[in-house]
Every structure is written in C-alpha cells, then in structure tokens.
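For ligands, and for the atoms within them, numbers begin at 1 and follow the listed sequence.
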Amino acid sequence: MDFVYDDQNIFAKILRGEIPNKTVYENDHALAFEDIAPQAPVHVLVIPKGAYVSLDHFARDASADEQAGFMRAIAEVCRLTDVAAGFRAIANTRAHGVQDVPHYHMHIIGGRQLGRMLQG
Ligand code: 5GP
C-alpha cells in the first residue's frame, strides 16, 4: 500500500510551530498535546515527529528508535495524566476508522468510566 503524506495537515503545522498547542510531553521522536475538543477529563494526542499518515504506516516504516520513542511518550503521558484507573488508546484510521487528521496520532482518553468500546 502507498502511504501519501500531506504536509499541510494540522498536526504537521503544530510540529512546525505554525499552530500553538498545549504540550503534555515531548521527546526526540514524539509530541503529546491536549486535544482541542476533549471527549473526557484526560484527552491527549500522541503523534510521531516523522511524516506518517496512520498506525499501519508507522508500524511498517518507522525506525525502531522512532517506534520506541513514540511508545515511551505514551508511557510518560499515562504517568503525567495519572490514568492508573484506566484509559483508552484509539488510533482512528482512514475512512472506516473516521480519521480526520492524516498524521498518525494515538488518542489517550481517560479520567472517567468510558463505557463499552463500540456502540452498535
Ligand atoms: P481523528 O478523528 O483524526 O482521530 O482525531 C483528530 C483529533 O484532533 C480530534 O479529536 C480533534 O479534536 C483534534 N484536533 C483537530 N484540530 C486540532 C488542533 O488544531 N489542535 C488540537 N490540539 N487538536 C486538534
């Protein structure tokens, strides 16, 4: 599958500093920031700094260092947001997954009981 990255997407602009964000955590390979429209008391987006459109793109093509940095960022977000009671990690992907922003991102959502994963 070809993965075509559009560098005008909103998260690319955030990475370039063209749009502000509320940063939760950052390392060499990943940035984590508050979602602009939170669905729960904790709603953080973790994105790789590389140009990857989706989870399957990142899983296929990112280097081991990029993948480790991204996963470590998730660990730090979970620690910093204190989601010991639990959370949900969501990577919406393309049309069926209703992905709005075509730069890979993991939603970390928690801070309340979230209910069952899928409705209907
Ligand atoms: P998706 O539907 O692609 O999985 O989720 C995209 C997420 O990005 C949504 O939860 C939306 O609220 C968030 N979002 C969209 N634009 C911005 C923005 O400019 N700043 C931040 N912080 N979040 C955004």
message: Please say yes or no: joined through hydrophobic side-chain contacts below 4.5 Å, possibly via intermediate residues, are Val53 and Leu55 part of one cluster?
response: no
query: Under 4.5 Å between any side-chain heavy atoms of Cys78 and Phe87, yes or no?
result: yes
statement: Tracing side-chain contacts under 4.5 Å among Ile, Leu, Val, Met, Phe, Trp and Tyr outward from Phe33 reaches Ile10, Phe11, Ile14, Leu15, Ile19, Leu31, Leu45, Ile47, Val101
field: Nonpolar side-chain network containing Ile90, other nodes, edges under 4.5 Å
entry: Ile109, Leu114
Dump all N/O pairs between ligand 1 and the protein below 3.5 Å as a table: atom names plus distance, one pair per row.
residue: ligand 1; atom: 2 (O); partner: Val98; partner atom: O; Å: 3.4
residue: ligand 1; atom: 2 (O); partner: Asp100; partner atom: N; Å: 3.3
residue: ligand 1; atom: 2 (O); partner: Asp100; partner atom: OD2; Å: 3.2
residue: ligand 1; atom: 3 (O); partner: Asp100; partner atom: N; Å: 2.7
residue: ligand 1; atom: 3 (O); partner: Val101; partner atom: N; Å: 2.9
residue: ligand 1; atom: 3 (O); partner: His105; partner atom: NE2; Å: 2.9
residue: ligand 1; atom: 4 (O); partner: Asn92; partner atom: ND2; Å: 2.8
residue: ligand 1; atom: 4 (O); partner: His105; partner atom: NE2; Å: 2.8
residue: ligand 1; atom: 4 (O); partner: His107; partner atom: NE2; Å: 2.8
residue: ligand 1; atom: 5 (O); partner: His105; partner atom: NE2; Å: 3.3
residue: ligand 1; atom: 5 (O); partner: His107; partner atom: NE2; Å: 3.3
residue: ligand 1; atom: 10 (O); partner: Asp35; partner atom: OD1; Å: 3.3
residue: ligand 1; atom: 10 (O); partner: Asp35; partner atom: OD2; Å: 2.5
residue: ligand 1; atom: 12 (O); partner: Asp35; partner atom: OD1; Å: 2.5
residue: ligand 1; atom: 22 (N); partner: Glu34; partner atom: O; Å: 2.9
residue: ligand 1; atom: 22 (N); partner: Ile36; partner atom: N; Å: 3.4
residue: ligand 1; atom: 23 (N); partner: Ile36; partner atom: N; Å: 3.3

- request: Determine whether the aromatic ring centres of His57 and Tyr52 lie less than 6.0 Å apart.
  value: yes
field: Contacts of Asp82 that satisfy side-chain contact (heavy atoms from CB on, under 4.5 Å) - sequence neighbours left out
entry: Ala84
